[in-house]
Protein chains: 2
Amino acid sequence: MESEAKQIFDDYIRERGLKGTAQRDLILSAFLSTEDHLTAEDIHRLVNDSVSHNDFSSDKKHGVGFATVYRTMKLITDSGLAREVIFGDGVSRFEHKYGHPHHHHLICNGCGEITEFSSQKMNEVEKHILKKYSFKAESHHFKIFGLCKNCEESRNQEKQKKSKKNKKMYQEDK
Amino acid sequence: MESEAKQIFDDYIRERGLKGTAQRDLILSAFLSTEDHLTAEDIHRLVNDSVSHNDFSSDKKHGVGFATVYRTMKLITDSGLAREVIFGDGVSRFEHKYGHPHHHHLICNGCGEITEFSSQKMNEVEKHILKKYSFKAESHHFKIFGLCKNCEESRNQEKQKKSKKNKKMYQEDK
DNA sequence: ATCGAAATTGATACTCATTCTCAATTGAGA
DNA sequence: TCTCAATTGAGAATGAGTATCAATTTCGAT
Ligand SMILES: [Mn+2]
Ligand SMILES: [Mn+2]
Ligand SMILES: [Zn+2]
Ligand SMILES: [Zn+2]
């Protein structure tokens, strides 16, 4: 769980002769506090909100900077705790890697909801492709964009409204 | 073939009350001239190189601008001729859509080579996933990053060289 | 507990792909 | 040919992420 992850990061830091800092602790805790796919901005907000709530000392100079968030997320990724995911909207996201087996994503174009899935059959098909092309995979990611159940239903309701409206307008035209 | 594609673009342009221009012709021709996955920069270069080679009039003011390349590739994409692909290296690429059935990609981290593949079995697995999650797919893309056959082989040769070198240094240490 | 070299930090400047703005130019229907 | 909306290129603007650097902090050695 969380303490194991913190241990892993701590080990990683020491092995490299790096230093433990309050900022790194805050950022790692924020990252570990959810199961979401977080952007650097998300993490920056989480960190600085939690700081301003918890630390009410009046001599607080400034929050954790964006550069530190990016730098630390790189370390967390390199330590094996995080994986960077790119959904193609121009922002990187980070998700848990430790204790979370590899999986793929369904991304809703309506509400942004992200659903994870994995499939043994898909792994087998992939293996077959790799052999066919003599390709050595280092990473792989299947992304499916579309509409989640909720968004699909609301879209259909929208359509129905519009078609009623159109019918009405047509009658008024007579 | 190419003329069909140009006809489709022409129709698209007229339907919308847009105008045909020399720039749009050049950009579309450049895009159609290869089967590659082109960046806006690639297309810009293709267009301006071909212009300076073919059109040697000395009163040529300037080449086609980047903004026009981006704007026109958006039109070409909307017309259904192109598809935008995002490999996650920070640049968008465009590939043929017309006459090119949907497929996925193997991307070599060594030389950048892109190999296309498709798999009926994978489509079936995907369909199963979509049903399971009640998700309505609008687009989907499986990307596999790694090393192509060539790059994998050269990497192994590198390894062998290094191991020889290390052995030699070890002996010299004695 | 103190010291000091080395690592870290936040602010800010910068990069780079892409989009926006706008004055000048061009296309095509009347 | 006229006219006017669409288009263009240059350059400014944007936005995510990175590099720089002086000031601060960490932590092992004293
Ligand atoms: Mn995930
Ligand atoms: Mn392709
Ligand atoms: Zn949704
Ligand atoms: Zn290669």
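These values consider heavy atoms only, across backbone and side chains, with no hydrogens, waters or symmetry-generated copies. Per chain, numbering begins at 1; letters A, B, ... match sequence-line order.
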Colleague: Report yes if at least one side-chain N or O of T21(A) is closer than 4.0 Å to OP1 or OP2 of dT9(C); otherwise report no.
Modeller: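 Indeed, a polar side-chain atom of T21(A) lies that close.
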Colleague: Under a 4.0 Å N-O cut-off, is there an ion pair linking E152(A) with K149(A)?
Modeller: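 No, this pair does not count.
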Colleague: Do R71(B) and dG9(D) share a donor-acceptor pair, side chain to base, under 3.5 Å?
Modeller: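 Yes.
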Colleague: Do I76(B) and I27(B) have side chains that approach each other closer than 4.5 Å (heavy atoms only, starting at C-beta)?
Modeller: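 Contact flag for I76(B)/I27(B) side chains = yes.
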Colleague: How close or far is atom C1' of dT25(D) from atom CD1 of I13(A), stated in whole angstroms?
Modeller: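 Taking atom C1' of dT25(D) as the reference, CD1 of I13(A) is at 14 Å.
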Colleague: Take the protein atom CE of M73(A) and the nucleotide atom P of dT9(C), then report the distance between them rounded to whole Å.
Modeller: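 After rounding, the reported distance stands at 14 Å.
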Colleague: Using atom CG of L18(B) as one end and atom P of dA28(C) as the other, report the distance to the nearest whole Å.
Modeller: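 Going from L18(B) (CG) to dA28(C) (P), I get 11 Å.
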Colleague: Counting distance alone, no hydrogens or angles: does the base of dG27(C) have a donor or acceptor under 3.5 Å from a partner atom on the side chain of R24(B)?
Modeller: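 For R24(B), whose side chain was compared with the base of dG27(C), there is no donor-acceptor pair (under 3.5 Å).
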Colleague: Distance-only, no hydrogens or angles: does the K143(A) side chain make a donor-acceptor pair with backbone N or O of I86(A) under 3.5 Å?
Modeller: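 Looks like yes, one N/O pair under 3.5 Å.
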Colleague: Please tell me which of the listed nucleotides, dG27(C), dG10(C), dT8(C), lies nearest to the side chain of Q23(A)?
Modeller: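 The answer is dG10(C).
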Colleague: If the cut-off is 4.0 Å, is R14(B) near the phosphate of dA28(C), judged by side-chain N/O to OP1 or OP2?
Modeller: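 No.
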Colleague: Without decimals, in angstroms, what is the distance between I27(A) CD1 and dT8(C) P?
Modeller: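 For the pair I27(A) CD1 and dT8(C) P, the rounded distance is 12 Å.
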Colleague: H141(B) and side-chain hydrogen bond (donor to acceptor under 3.5 Å, both in side chains): which partner among H103(B), H104(B), R83(B), H105(B)?
Modeller: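 Output: one option passes, namely H105(B).
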Colleague: Mind calculating the distance between NE2 (H44(B)) and P (dT8(D)) to the nearest angstrom?
Modeller: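 Rounded to the whole Å, the gap is 13 Å.
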Colleague: Starting from C1' on dT18(C), measure out to CD on E84(B) and report it in whole angstrom.
Modeller: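 Going from E84(B) (CD) to dT18(C) (C1'), I get 10 Å.
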Colleague: If only side-chain N and O atoms count, and only distance matters, is there a donor-acceptor pair under 3.5 Å linking E95(A) with H100(A)?
Modeller: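 No, because no side-chain N or O of H100(A) sits under 3.5 Å from a partner of the opposite role on E95(A).
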Colleague: Could you tell me the separation between the CG atom of L75(B) and the C1' atom of dT7(D), rounded to a whole number of Å?
Modeller: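 L75(B) atom CG is separated from dT7(D) atom C1' by 11 Å.
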Colleague: Among D42(A), N48(A), D49(A), which residue satisfies the side-chain hydrogen bond (donor to acceptor under 3.5 Å, both in side chains) criterion with R45(A)?
Modeller: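 With R45(A) as partner, side-chain hydrogen bond (donor to acceptor under 3.5 Å, both in side chains) holds for just one option, D42(A).
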Colleague: Just the rounded figure in Å: distance from C1' of dG15(D) to CG of D89(A).
Modeller: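 The answer, rounded to whole Å, is 12 Å.
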Colleague: Using a 3.5 Å distance criterion without hydrogens, assess whether the side chain of H44(B) forms a donor-acceptor pair with backbone atoms of V64(B).
Modeller: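 Side chain of H44(B) to backbone of V64(B), a donor-acceptor pair under 3.5 Å: yes, one is there.
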Colleague: Using only atom types and a distance under 3.5 Å, with no angle test, would you say the side chain of H96(B) pairs donor to acceptor with the backbone of F31(B)?
Modeller: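 Yes.
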Colleague: Report, one pair per line, the protein and nucleotides 1-6 of chain C atoms (nitrogen or oxygen only) whose separation is under 3.5 Å.
Modeller:
unit_1: dA6(C); atom_1: N3; unit_2: K19(A); atom_2: NZ; d: 2.8

Colleague: Below 3.5 Å is the cut-off: list the nitrogen or oxygen pairs between protein and nucleotides 13-17 of chain C, distance only.
Modeller:
unit_1: dA17(C); atom_1: O3'; unit_2: G90(B); atom_2: O; d: 3.4

Colleague: Mark yes or no for whether R24(A), through its side chain, and K19(A), through its backbone, hold a donor-acceptor pair below 3.5 Å.
Modeller: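 Flag set: sc R24(A) to bb K19(A) pair under 3.5 Å.
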